[in-house]
Amino acid sequence: MKSFRLILYLVTESNKFFLDSLFAPNRCYCLTINHTTLIMVAQRVRTRFAPSPTGYLHVGGLRTALYNYLFAKKMDGDFIIRIEDTDQSRKVEDAQKNLIKTLEWAGIVADESPEHGGDYGPYVQSERLDIYDKYCRQLLNDQHAYYCFATHEELEENRQLQIKQGLQPKYNRKWLPEEMGGTMPAGIIKQKLDKGLPYVIRMKVPDYVSVWFEDIVRGPVEFDSATIDDQVLMKSDGFPTYHFASVIDDHFMEFTHIIRGEEWLSSMPKHLLLYEFFGWEPPKVAHLPLLLNPDRSKLSKRQGDVAVEDYIRKGYSADAIVNFVAMLGWNEGEGSEQEVYSMEQLIQKFSLERVGKAGAVFNIEKLNWLEKQYIKNRPAEKLVAIIKPILKAELEQKKSLMPLEIITSDAYLEKVIELMRERVGFEHEFVTFSSYFYFEPETWDEEAIKKRWSVETNNLLKGFAVLLDSLDDFSAENIEILLKEFVAPKGLKAAALIHPLRIVASGVSFGPSLYHLLEVLGKETVLRRIQVGIEKINYVD
RNA sequence: GGCCCCAUCGACUAGUGGUUAGGUCAUCACCCUUUCAAGGUGGUAGCACGGGUUCGAAUCCCGUUGGGGUCACCA
């Protein structure tokens with residue numbers, strides 16, 4: 001029972017730390033002030049991420065999961081994954097596995113989930129059908145729900161008619177029984193039931209009551225029940241709808257906080273009504289602002305990648321994505337100018353109170369910048385471990401003229417990393433963007449040749465190659481001295497040789513310091529490339 | 001359309017009655033420099049609008065406008 005903190009948090013945010021330090025975590029606390037005793041019951045925070053297994057993990061879903069996770073961990077509570085597979089027709093094979101795998105990739109590991117189990121299972125809704133059935137029956141008994149035999153066609157017809165009449169499309173309550181205030185005689189319902197005709201079960205939304213609740217991020221929100229439809233609770237295939245299943249599960253899995261996207265805000269009153277029917281205490285809720293396309297519509301395919309898997313494939317790291325997505329709608333607040341946060345720091349600093357209300361545009365440029373920050377600061381060993389498999393895969397496709405044991409060594413890769421870490425945007429670019437560290441150039445930047453070559457260039461290279469060959473210590477410093485001494489008596493600038501050297505050595509006109517580049521490549525490779533370059537580059541004035 | 005939510009630079013945001021409206025990304029200029037980056041310095045750029053309340057409003061209230069979400073036997 002660790003979440004003593006939760007209750008204090010809810011009761012008195014400002015006194016939290018004061019009270020926190022007064023009591024050791026336990027189940028029950030008594031506080032007596034002026035003969036008045038305040039009793040607090042500890043309750044461990046439990047949050048959930050409840051995706052449906054219909055495919056990939058959406059970045060919005062990742063953020064929702066992350067906020068649930070951060071909040072739970074911050075409060076010393078548990079984060080749970082539940083799979084909402086009540087629509088069997090949309091179920092996608094392996095989606096559940098991928099969802100959980102992708103979350104774990106991001107560092108979001110559930111305390112309870114279908115894969116890892118827990119005390120509140122099963123964690124897949126299709127395995128909880130008997131529970132929904134039982135509680136649906138209870139609602140039926142209590143006259144909070146009723147059978148409805150309307151067909152899809154009938155419903156659609158009714159809808160069209162209402163639209164034509166300028167009314168709001170809403171279920172017409174044709175099957176609401178007489179004893180519940182409707183017009184359908186019990187006999188007819190029984191008749192249909194006996195015949196075994198397909199039906200759904202609808203909840204009866206009370207007329208003209210006001211449903212009010214306090215949203216943690218939005219404050220008070222109010223709905224009029226007259227605008228709420230008699231929601232289907234059980235579908236004709238015997239599966240519950242989302243609304244019903246999630247309320248039942250949220251209750252029995254004892255979640256203390258529901259943190260989800262704003263798209264759920266308008267179904268909140270239905271859920272609240274269900275809690276009321278059952279006499280259960282609803283959890284606290286927080287509706288997160290939506291993630292937006294650049295045109296400010298709800299983030300969607302069509303306008304770029306939305307699957308976390310897409311970003312993984314492109315080479316974004318978990319650190320950067322988590323960091324980025326966390327900042328979309330949350331910030332530490334006044335006084336902080338921190339941009340880069342580790343998961344630990346996020347857990348430490350996160351709070352639902354500081355989640356914003358307005359939607360946030362998913363801005364890829366900031367993500368790119370963050371990714372670079374991480375690459376700049378990631379320890380070389382870590383990068384080596386990431387790059388090596390990429391290089392090895394590449395080496396299976398392409399032959400290298402350089403000694404394999406050297407270019408695949410940690411020492412060599414670390415040198416490449418130090419030269420390139422401020423020049424790459426993704427980890428894989430240490431290989432793909434810097435292939436000249438491992439493979440011979442096959443093309444030589446034409447624009448650059450035009451700009452940097454003169455009639456003398458090839459001879460200069462040839463002459464310098466001889467000097468390089470005689471250099472025993474092939475270090476950047478020595479190469480620099482040698483080059484300057486070579487060029488000075490000729491009345492040339494160092495640049496006259498530097499640029500051509502870079503081009504023959506790498507094929508491109510940009511990259512790290514030339515001297516360091518040559519040092520890392522090594523004498524043998526450099527001499528070979530000068531030779532090949534001279535042969536291949538035909539300068540025409 | 002009904003209902004609900006939202007509104008500070010192009011983007012992410014700080015700001016909770018008194019600030020020259022701050023930071024980050026992007027962008028521009030300059031510096032550094034063998035290239036490309038990185039880094040440094042500086043700049044452009046914002047409180048949607050209209051009414052109140054108040055000595056004083058980005059901040060509180062009302063309205064308008066704009067945007068979004070939602071109105072399924074999908075979640």
Side-chain angles (χ1 to χ4, degrees), chain A residues 50-54 84-87 89-90 125 148 150-152 155-156 159 163 166-171 198-202 215 217-218 221-224 226-229 231-243 245-246 261-269 287 289-290 292 294-298 324 327-340 356-370 372 376 419-425 445 448 451-452 480 483 493-499 501-503 506 508-515 517:
Chain A
S52 63
T54 52
E84 311 222 319
D85 61 344
T86 53
D87 184 352
S89 66
R90 295 214 309 161
Q125 290 188 326
C148 169
T151 62
H152 284 102
L155 256 18
E156 187 51 34
R159 191 172 299 135
I163 291 171
L167 296 166
Q168 287 310 306
K170 207 179 159 186
Y171 176 59
Y199 61 81
V200 300
I201 296 169
R202 286 178 187 273
D215 188 285
V217 334
R218 274 147 227 288
V221 183
E222 194 175 2
F223 290 85
D224 181 347
T227 63
I228 306 166
D229 216 347
Q231 181 66 42
V232 172
L233 261 23
M234 286 296 233
K235 300 184 268 187
S236 54
D237 63 0
F239 277 75
T241 57
Y242 161 82
H243 302 287
S246 79
E262 195 192 319
E263 68 265 36
W264 297 111
L265 193 60
S266 37
S267 28
M268 190 60 194
H287 286 95
L290 260 19
L292 272 22
D295 72 353
R296 304 205 77 88
S297 57
K298 186 174 164 181
F324 175 63
M327 304 311 288
L328 253 26
W330 173 86
N331 73 82
E332 226 189 298
E334 194 175 8
S336 172
E337 286 177 7
Q338 192 172 344
E339 300 285 338
V340 180
K357 301 174 210 252
V361 173
F362 189 93
N363 178 221
I364 196 102
E365 279 171 341
K366 187 119 183 206
L367 209 207
N368 290 340
W369 174 80
L370 258 179
K372 281 193 168 186
K376 254 166 59 178
L419 289 187
M420 294 303 291
R421 73 190 317 154
E422 280 175 355
R423 291 164 232 269
V424 298
D445 187 332
K451 191 170 166 198
R452 303 293 187 187
E480 180 170 2
L483 186 138
K493 282 186 179 169
L497 190 48
I498 285 175
H499 296 295
L501 264 175
R502 175 188 300 288
I503 293 165
S506 70
V508 293
S509 62
F510 52 87
S513 146
L514 176 81
Y515 308 119
L517 169 65

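Just so it is clear: chains get the letters A, B, ... in the order the sequence lines come, proteins before strands, and each one is counted from 1.
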Stepwise side chain to side chain contact (heavy atoms under 4.5 Å, CB included) check, A:Leu501 with A:Leu483: CA-CA 10 Å; A:Leu501 264 175; A:Leu483 186 138; 3.6 Å; yes

Distance check needed: [N] [atom2] versus [X] [atom1], whole Å only.
X	N	atom1	atom2	answer
A:Glu337	B:rU13	CD	P	16 Å
A:Asn331	B:rA14	CG	P	4 Å
A:Phe223	B:rG2	CZ	C1'	12 Å
A:Met327	B:rC12	CE	C1'	8 Å
A:Trp330	B:rU13	CH2	C1'	12 Å
A:Phe324	B:rU24	CZ	C1'	12 Å
A:Ile228	B:rG2	CD1	P	17 Å
A:Gln338	B:rC25	CD	P	14 Å

Could you work out the separation of [N] and [M] based on their [atom1] atoms and round it to a whole Å?
N	M	atom1	value
B:rG68	B:rA48	C1'	16 Å
B:rG1	B:rG22	C1'	42 Å
B:rU34	B:rG42	C1'	26 Å
B:rU16	B:rU8	C1'	14 Å
B:rA7	B:rC47	C1'	10 Å
B:rA72	B:rC61	P	33 Å
B:rA21	B:rA45	P	14 Å
B:rA37	B:rG18	C1'	45 Å

Euclidean distance, [Y] [atom2] relative to [X] [atom1], rounded to 0.5 Å:
X	Y	atom1	atom2	value
A:Asn363	A:Met327	CG	CE	13.5 Å
A:Leu514	A:Leu497	CG	CG	8.0 Å
A:Leu233	A:Cys148	CG	SG	12.0 Å

Is the shortest side-chain heavy-atom distance between [X] and [Y] below 4.5 Å?
X	Y	value
A:Glu84	A:Ser246	yes
A:Phe239	A:Asp87	no
A:Leu370	A:Val340	yes

Pairing check on [N]: which nucleotide meets the Watson-Crick or G-U wobble criteria with it, both distances under 3.5 Å?
N	value
B:rG1	B:rC71
B:rA29	B:rU41
B:rU24	B:rA11

Check the pair A:Arg452 / A:Ile503 against side chain to side chain contact (heavy atoms under 4.5 Å, CB included), numbers first and verdict last. CA-CA 9 Å; A:Arg452 303 293 187 187; A:Ile503 293 165; 4.2 Å; yes

Hey, is the main chain of A:Pro53 close enough, under 3.5 Å, to the side chain of A:Asp85 for a donor-acceptor pair?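 A pair under 3.5 Å: no.
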
Per-nucleotide protein contact string for nucleotides 66-75 of chain B, where B marks a base within reach and S marks sugar-phosphate only (heavy atoms under 4.0 Å, - for neither): -SBSS-SBBB

Between protein and nucleotides 31-50 of chain B, map the contacts as a letter string: B base, S sugar-phosphate only, - none, heavy atoms under 4.0 Å, written 5' to 3'. ---BBBBSS-----------

Yes or no on side chain to side chain contact (heavy atoms under 4.5 Å, CB included) for A:His499 and A:Lys451, after CA distance, side-chain angles and deciding distance? CA-CA 9 Å; A:His499 296 295; A:Lys451 191 170 166 198; over 6 Å; no

Given that A:Pro294 and A:Leu367 both sit by RNA chain B, which one's nearest nucleotide is further toward the 5' end?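 Between the two, 5'-proximity favours A:Pro294.
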
Which atom pairs link the protein and nucleotides 27-29 of chain B when you take only N or O atoms and keep those under 3.5 Å?
none

When we call it a touch if two heavy atoms are under 4.0 Å apart, what does A:Gly329 touch: a base, just sugar-phosphate, or nothing? sugar-phosphate

